[in-house]
Amino acid sequence: MISTDSIRTVVGIIGNVISFGLFLSPLPTYVTIVKKRAVEQFSPIPYLATLLNCMMWIVYGLPIVHPNSVLVLTINGVGFFMEALYLAIFFTFAPRSLRLKIVGILAGELVFVGAVMGGVLGGAHTHDKRTEIVGILCVIFGTAMYASPLSVMIPNGLGALLSAAQLILYCIYYRTTPKDEPKQNLELPQIAPSNDPDSLRSVAIRK
């Protein structure tokens, strides 16, 4: 009879292998960044979100929060190191404005994780309570990590919807818009020839 602990360990190892593959998935992107020495259109948001997710799971796996969480600590420690490496490469080849944005978000994440640790350790005095609080936060930020790539798609999606709305309005009102009437050809006045010498003199004076 297989024990529950053995099943949990096997499932945890399988989950760690899958998570390691997830952490490796941005590698082609960073190879491209290093080769071109530019971040181009790539966004740092997914990697910042993944880094925060790893930090939260590291807090969850600490013995003072959730004992006997070696698998959680190891895979998220590896993930933290890899995401930090990705962000260091991104930071190296990013323009100054984007670097400032990365630094600001990283500072906010570190302050938040520190506040969570302080609040949980100071306000929750049992492992069960600490596990529940940090676990809920981990689920929330894990969801945010998987949704973070949409940060690139959402502006383009809104732009496509707005452009489609403009095209629809154009098609609806195109035939009802009054068109400019064609301009009539202007003809210069013609002076009929005359044999009257007085008229010739008057024409010469007008010129």
Side-chain angles (χ1 to χ4, degrees), residues 8-31 33-34 39 42-154:
R8 186 182 294 112
T9 301
V10 172
V11 172
I13 292 173
I14 295 173
N16 281 7
V17 172
I18 296 173
S19 297
F20 184 71
L22 176 66
F23 294 139
L24 281 178
S25 60
L27 196 56
T29 298
Y30 280 88
V31 171
I33 290 174
V34 172
V39 298
F42 298 114
S43 171
I45 299 300
Y47 314 108
L48 289 165
T50 305
L51 185 72
L52 177 59
N53 182 62
C54 289
M55 287 192 288
M56 291 302 302
W57 279 109
I58 290 173
V59 172
Y60 178 89
L62 292 175
I64 54 177
V65 176
H66 189 73
N68 304 319
S69 301
V70 177
L71 292 176
V72 174
L73 282 175
T74 52
I75 189 58
N76 285 284
V78 171
F80 176 85
F81 174 78
M82 294 176 69
E83 297 302 323
L85 181 61
Y86 292 151
L87 286 171
I89 296 172
F90 200 99
F91 186 88
T92 301
F93 298 106
R96 185 174 182 275
S97 59
L98 193 53
R99 289 181 180 181
L100 293 176
K101 181 179 179 180
I102 293 172
V103 170
I105 295 175
L106 276 176
E109 289 182 354
L110 292 174
V111 170
F112 176 77
V113 172
V116 169
M117 286 189 64
V120 168
L121 296 179
H125 303 292
T126 63
H127 287 122
D128 290 340
K129 194 64 178 177
R130 292 171 183 174
T131 298
E132 180 182 0
I133 295 172
V134 180
I136 291 173
L137 292 175
C138 287
V139 171
I140 293 172
F141 289 105
T143 305
M145 178 189 72
Y146 289 109
S148 60
L150 294 177
S151 64
V152 178
M153 188 198 76
I154 288 173

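In what follows, every heavy atom counts, from backbone to side chain, and hydrogens, waters and symmetry copies are set aside.
Proximity of a side-chain donor or acceptor of Asn16 to a complementary backbone N or O of Leu71 within less than 3.5 Å is detected. Side chain of Ser69 to backbone of Leu62: no donor-acceptor contact under 3.5 angstrom is found.
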Practice problem: Check step by step if side chain to side chain contact (heavy atoms under 4.5 Å, CB included) holds for Leu51 and Glu109. | Solution: CA-CA 9 Å; Leu51 185 72; Glu109 289 182 354; 4.1 Å; yes

Exercise. Any chance you could lay out the side chain to side chain contact (heavy atoms under 4.5 Å, CB included) test for Ile18 and Ile14, step after step, and finish with the verdict?
Key: CA-CA 6 Å; Ile18 296 173; Ile14 295 173; 4.1 Å; yes

Self-check item: Test log, rule side chain to side chain contact (heavy atoms under 4.5 Å, CB included), inputs Phe81 and Tyr86
Solution: CA-CA 9 Å; Phe81 174 78; Tyr86 292 151; over 6 Å; no

Quiz prompt | Full working for ring-ring contact (aromatic ring centres under 6.0 Å, His included) between Tyr30 and Phe93 | solution = CA-CA 10 Å; Tyr30 280 88; Phe93 298 106; 9.6 Å; no

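Asn53 and Cys138 make their closest contact through OD1-O, 3.8 Å (heavy atoms, listed as atom of the first residue, atom of the second, distance). Across all their heavy atoms, Phe42 and Phe90 have their closest contact at O-CZ, 3.3 Å. Here the closest non-hydrogen pair linking Arg130 and Leu121 is NH2-O, 3.6 Å. Closest of all the heavy-atom pairs between Trp57 and Val72 is O-CG1, 3.5 Å. Taking both residues in full, the closest heavy atoms of Phe141 and Met56 are given as CD1-CG, 4.2 Å, listed atom of the first, atom of the second, then distance.
At a threshold of 4.5 Å between non-hydrogen side-chain atoms, the residues Glu132 and Ile136 count as touching.
Counting non-hydrogen atoms of other residues, nucleotides and ligands closer than 6.0 Å to CZ of Phe80 gives a total of 12 or fewer.
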Run the side-chain donor-acceptor check on residues 20-27: report pairs under 3.5 Å with partners two or more places apart or on a different chain.
{"unit_1": "Ser25", "atom_1": "OG", "unit_2": "Leu22", "atom_2": "O", "d": "2.6"}

Considering only distance and modelled atom types, tabulate donor-acceptor pairs under 3.5 Å from the side chains of residues 97-106, sequence neighbours left out.
{"unit_1": "Arg99", "atom_1": "NE", "unit_2": "Phe91", "atom_2": "O", "d": "2.8"}
{"unit_1": "Arg99", "atom_1": "NE", "unit_2": "Ala94", "atom_2": "O", "d": "3.1"}
{"unit_1": "Arg99", "atom_1": "NH2", "unit_2": "Thr92", "atom_2": "O", "d": "2.8"}

